[in-house]
Amino acid sequence: MSTPRILSIQVGQPRTYGVEGAASPMDRPWTTSFFKEPVAGPVRLGRTNLEGDAQADPRYHGGPDKAVMAYAAAHYPAWRAELGLEEMGFGGFGENFTVEGQDESAVCVGDVYAVGTARVQVSQPRAPCWKIARRWRVRDLSARVQRTGRTGWYLRVLEEGVVEPGVPLELLERPNAEWSVARINQVLHGHVRDPETLRRMAAYPLLSDSTREWLLYRIDAMEDESLRLVGPNEE
């Protein structure tokens, strides 16, 4: 199997878009770092973000377990065809790393990779929020991202360093091949309802704290996900 590599790197700062009092919820003000710009050369990767990148809502985004968001380049042709959005380019799902040669089925939580002079570790799947739908003005897009499993995944930074487009992601460690990002997505989003599976996954020490809390909650009750997926995109 060929070594995956970073095709493109994107960073962005929080900005506010929309118009107060707009008739459509899609046109009302919102603040986001979703609109990211490609980086042409080397960029510093710190413990909580790439240089030049920041999160608009630190309650749900960013922090050590979500320092970098990665997304499979292979998903873009399907999205462009399904949505009729030929202009959708890399960074279209708010990711920092657009990765060639990996998707959710090939990446496991706990994987450690050398990338440039840094070392990173997969921490959790990306939980799609309503801002994906707002970005592309497709009301059910966030739900579709979740349903298809084309979510992307987050990385924590074990060693800071410098990265740039084109560098490989060299797998150094795979502590547990059972918990691929795709498998965890299935459990998180209700496709697997066995409490024992949820407990085993929640006990995995390399899983992010926020995902562990979500799993523990689901053991007792199914989460109402409408607020996260739809948010203020509807009345």
Side-chain angles (χ1 to χ4, degrees), residues 5-20 22 25-76 79-80 83 85-100 102 113 115-116 118 120 122-138 141-142 144-146 150-157 160-167 169 208 210 228-229 231-233:
R5 67 187 181 100
I6 299 175
L7 283 185
S8 182
I9 298 176
Q10 292 79 219
V11 299
Q13 294 289 319
R15 292 184 174 84
T16 299
Y17 304 86
V19 178
E20 289 285 355
M26 287 285 190
D27 295 323
R28 294 173 191 165
W30 63 306
T31 301
T32 184
S33 300
F34 206 102
F35 295 82
K36 298 184 185 296
E37 296 295 327
V39 173
V43 60
R44 181 78 181 172
L45 175 58
R47 288 287 179 180
T48 57
N49 57 270
L50 288 156
E51 185 177 359
D53 197 55
Q55 291 75 37
D57 189 348
R59 293 175 301 168
Y60 302 111
H61 303 286
D65 282 335
K66 302 177 185 176
V68 176
M69 209 281 272
Y71 201 73
H75 293 331
Y76 276 97
W79 285 124
R80 291 175 189 134
L83 301 174
L85 293 170
E86 291 302 320
E87 72 275 18
M88 179 184 278
F90 295 154
F93 285 85
E95 77 270 16
N96 301 111
F97 290 172
T98 309
V99 180
E100 179 183 58
Q102 280 186 331
Y113 293 91
V115 53
V120 298
V122 180
S123 59
Q124 68 169 82
R126 186 252 197 98
C129 75
W130 60 270
K131 291 186 177 182
I132 302 174
R134 179 73 66 91
R135 164 65 180 91
W136 294 106
R137 301 181 65 84
V138 178
L141 183 53
S142 300
R144 289 165 69 172
V145 169
Q146 179 169 294
R150 304 176 204 154
T151 59
W153 55 94
Y154 281 109
L155 304 168
R156 59 172 67 97
V157 178
E160 298 180 347
V162 175
V163 298
E164 61 183 309
V167 298
L169 284 154
S208 68
S210 61
R228 175 173 57 83
L229 295 172
N233 293 334

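For reference, positions follow the sequence shown, starting with 1. We use all heavy atoms of the structure for the numbers below, so side chains are in, but hydrogens, waters and symmetry mates are not.
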Can you name the closest pair of heavy atoms from Val11 and Glu51 and give their distance?
CG1-O, 3.7 Å

Looking only at non-hydrogen atoms, find the nearest pair between Val157 and Ala67 and report the distance.
CG2-CB, 3.9 Å

Just to verify, what does Gln10 make a side-chain hydrogen bond (donor to acceptor under 3.5 Å, both in side chains) with, not counting sequence neighbours?
Ser8, Thr98

Is the side chain of Tyr71 donor-acceptor paired with the backbone N or O of Arg150 at a distance under 3.5 Å, no angle test?
yes

Could you give the distance from CH2 (Trp153) to CZ (Arg126), rounded to the nearest 0.5 Å?
11.5 Å

NZ of Lys131 to CG of Asp57, rounded to nearest 0.5 Å, is 5.5 Å

Taking it one step at a time, do Leu83 and Arg144 satisfy side chain to side chain contact (heavy atoms under 4.5 Å, CB included)?
CA-CA 11 Å; Leu83 301 174; Arg144 289 165 69 172; 3.6 Å; yes

Can you check side chain to side chain contact (heavy atoms under 4.5 Å, CB included) on Glu20 and Arg28, steps first, answer last?
CA-CA 6 Å; Glu20 289 285 355; Arg28 294 173 191 165; over 6 Å; no

Asn96 side chain near Leu155 side chain, heavy-atom distance below 4.5 Å
no

Note, Met69 side chain near Thr151 side chain (heavy atom, < 4.5 Å):
no

Contact between Leu50 and Val163 at the side-chain level, heavy atoms closer than 4.5 Å - yes or no?
yes

Could you grab the distance from atom OG1 of Thr31 to atom CZ of Arg15, nearest 0.5 Å is fine?
11.5 Å

What's the shortest heavy-atom distance between Pro29 and Thr16, and which atoms?
CB-CG2, 4.5 Å

Considering all heavy atoms, the nearest Trp130-Ser142 contact:
CA-OG, 3.5 Å

Are side-chain heavy atoms of Ile6 and Val167 found at a separation under 4.5 Å?
yes

Identified side-chain hydrogen bond (donor to acceptor under 3.5 Å, both in side chains) partner of Ser208 from the options Gln124, Lys66, Arg156
Gln124

Identify the heavy atoms of Pro165 and Gly41 that sit nearest to each other, and give their distance.
CD-O, 3.7 Å

How many angstroms lie between atom CH2 of Trp136 and atom CE of Met88, to the nearest 0.5 angstrom?
4.5 Å

Distance in Å, Arg80 CZ paired with His75 NE2, rounded so as to fall on 0.5 Å steps
12.5 Å

List in chain and number order the residues that pass ring-ring contact (aromatic ring centres under 6.0 Å, His included) with Trp79, two or more places apart in sequence or in another chain; answer none if no residue qualifies.
Phe93

CA sep, side-chain torsions, deciding dist, call: Tyr154, Val68, side chain to side chain contact (heavy atoms under 4.5 Å, CB included):
CA-CA 6 Å; Tyr154 281 109; Val68 176; over 6 Å; no

Tell me the side chain to side chain donor-acceptor pair (under 3.5 Å) pairs involving residues 36-48, sequence neighbours left out?
Lys36-Asp53, Arg44-Glu160

Distance col, row Arg135:CZ vs Phe34:CZ, nearest 0.5 angstrom, shows 7.0 Å

Between Gly91 and Tyr76, which heavy-atom pair has the shortest distance, and what is it?
N-OH, 3.3 Å

Do the side chains of Gln102 and Val122 get nearer than 4.5 Å, heavy atoms only?
no

